[in-house]
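Structure first, then comments.
All figures in this text were calculated on a predicted structure; none of them were measured in a lab.
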Amino acid sequence: MTGATKFPPNFLWGAATAAYQIEGSPLADGAGPSIWQGFSHTPGLMLNGDTGDIATDHYNRWQEDIGLMAELGLKAYRFSTSWSRILPQGKGAINQKGIDFYSRLVDGLLEKGIEPLLTLYHWDLPEALDHIGGWLNRDISDYFGDYANVLFKALDGRVKKWVTLNEPWVVTDGGYLFGALAPGHKNRYETPIASHNLMRAHGQAVKNYREIGKHEIGLVVNIEPKYPASDSKEDIAATKRAAAYMNHQYLDPVFKGKYPDEMAEIFEDAWPKPWPKEDFELTSQKVDFIGINYYTRSVTAYEPNNWHLKAKGVRVPHKTYTETGWEVFEDGLYDTLKWFKDNYGDTPLYITENGSAFFDPPKPVNGKIHDPLRVDYLQRHLKAIHRAISDGIDIRGYMTWSLLDNLEWSLGYSKRFGIIHVDYETCNRTIKTSGRYYSKIIETNGEALDLKEPFIDTIK
Ligand code: BGC
């Protein structure tokens, strides 16, 4: 080993999950239903009719899962709390049993020296709040702030890194514009309003945290860098629109107190004008860090038939694509990290998700799951991060997506992202080769990235 890829001391190596994707038992111990409960039980909306009723059964197997994390040597675990376990109606009465579940989980992690990173919202809005407008209701920023306070009071100190929202872009693009995700609306007039209320809710939680909490709080965004398909004026303009919509829309309100100019062009008459000025005081509350979720890039071309972006993604030949149709492109992660620093400055960064769905068999073969493409993906992306750190970007940690195979939202159990395999008939867990490899990387603080593939085969 050359030591060329050694990471900074205290680099936070971890793995990520989300409540509805892994927990199962969604209505146990007094929890209220979330919008995913309703969505997944509506015929025709989920691939193969899958639901999160059992998922990986983490709600009952959390101790075993902490054991696996310890076996892998994880330094951190990013998970989300289910709002409707804590407040079954989304507001009002608190369900102590919901708090107790996460409190036990946090204690279990701390006992093993694993730092918890807690995400307050990973897409599972309480159904009761959806009944009063969900993210379209301006009051939701207060409801979210109150929910956040319950957890700040219960867990701050034991939890030292808090995330308000996971990927507001997906919440609105999937939930309010195209309807592939809960609550399944398809309404371009709703979309900017839902986005804006998400950002106000984020700001409200950060503001509350400054009164109650003593540690760090940030926002997680998904960034997909956009590269023009050609040098044509049209392709370059389309690329700018796509980048504004997906990448700038949720960072500009935090760091610049406004939306990118392209938003009005994109949403045309559906873009509300003007936004109340004081709202941006809320959205631009100072954050302690930004979490970046990175999976792929998009090569973008002008497409007049696409109503809002007038843009489309173009497939790049001779490249590896994952099972979700995403190009493996690690340079995009490097470019994203650099882009963040150039646009928004020196706020500390965590990679809060990065990973790949590749085919794995439903059951282990000879007790093993060998996943060379995921190993390759991991290696490439970690090297890109190392390069970004060497170039002076302040990256504090990496959370691979995902700890476990899990419910890939409306794609059900058809896509496996885990470094730990889950047999969905028995819920048995098997650490994949990628998990063993990741463990070795953690143990050597990155140096194992220099090892060549043949060694990976022999990792025990
Ligand atoms: C989400 C995860 C999801 C992953 C893979 C991210 O957008 O935060 O919940 O499973 O991507 O699609």
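Atom OG of residue Ser80 and atom OH of residue Tyr102 lie 6.5 Å apart, to the nearest 0.5 angstrom.
Judged as a side-chain hydrogen bond (donor to acceptor under 3.5 Å, both in side chains), and not counting sequence neighbours, the contacts of Arg374 are Asp360, Asp371.
Screening Asp376, Thr400, Val375 for a side-chain contact (heavy atoms from CB on, under 4.5 Å) with Ser434, the sole residue that qualifies is Val375. Among the candidates Leu337, Ile385, Asp346, the single residue satisfying the side-chain contact (heavy atoms from CB on, under 4.5 Å) test with Ile393 is Leu337.
Within a 6.0 Å radius of NZ in Lys214, no more than 12 heavy atoms belonging to other residues, nucleotides or ligands are found. By the neighbour-count criterion of 12 heavy atoms within 6.0 Å, atom CD1 of Ile54 is sparsely surrounded, having that number or fewer from other residues, nucleotides or ligands. The neighbour count for Gln89 CD, taken as heavy atoms of other residues, nucleotides or ligands under 6.0 Å away, does not exceed 12. Atom NZ of Lys363 has more than 12 neighbouring heavy atoms from other residues, nucleotides or ligands inside a 6.0 Å radius.
Relative to the ring axis of Phe289, Arg396 does not place its NZ or CZ within 45° and under 6.0 Å from the centre.
Ion pairing between Glu115 and Lys161 holds under the 4.0 Å rule for side-chain N and carboxylate O. In this structure, Asp107 pairs ionically with Arg158, as a charged nitrogen and a carboxylate oxygen lie closer than 4.0 Å. Comment: Glu323 does not engage Arg416 in a salt bridge, judged by the lack of any side-chain N to carboxylate O separation of less than 4.0 angstrom.
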>> I'd like to know whether Asp405 forms a salt bridge (Lys or Arg N to Asp or Glu O under 4.0 Å) with Lys432, so could you lay out the CA-CA distance, the side-chain angles of the two residues, the decisive distance to 0.1 Å, and finally the verdict.
In response: CA-CA 10 Å; Asp405 289 338; Lys432 301 180 192 177; 2.7 Å; yes
> Going through the checks in order, is the ring pair (Phe, Tyr, Trp, His ring centres under 6.0 Å) test met by Phe417 and Tyr377?
Replying inline: CA-CA 11 Å; Phe417 276 91; Tyr377 184 99; 8.9 Å; no
>> For a ring pair (Phe, Tyr, Trp, His ring centres under 6.0 Å) check, start with the C-alpha distance between Phe79 and Trp62, then their side-chain angles and the critical distance, and finish with the verdict.
In response: CA-CA 12 Å; Phe79 64 96; Trp62 59 274; over 10 Å; no
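Closest approach of Gly203 to Gln285, counting heavy atoms only: O-CG, 3.5 Å.
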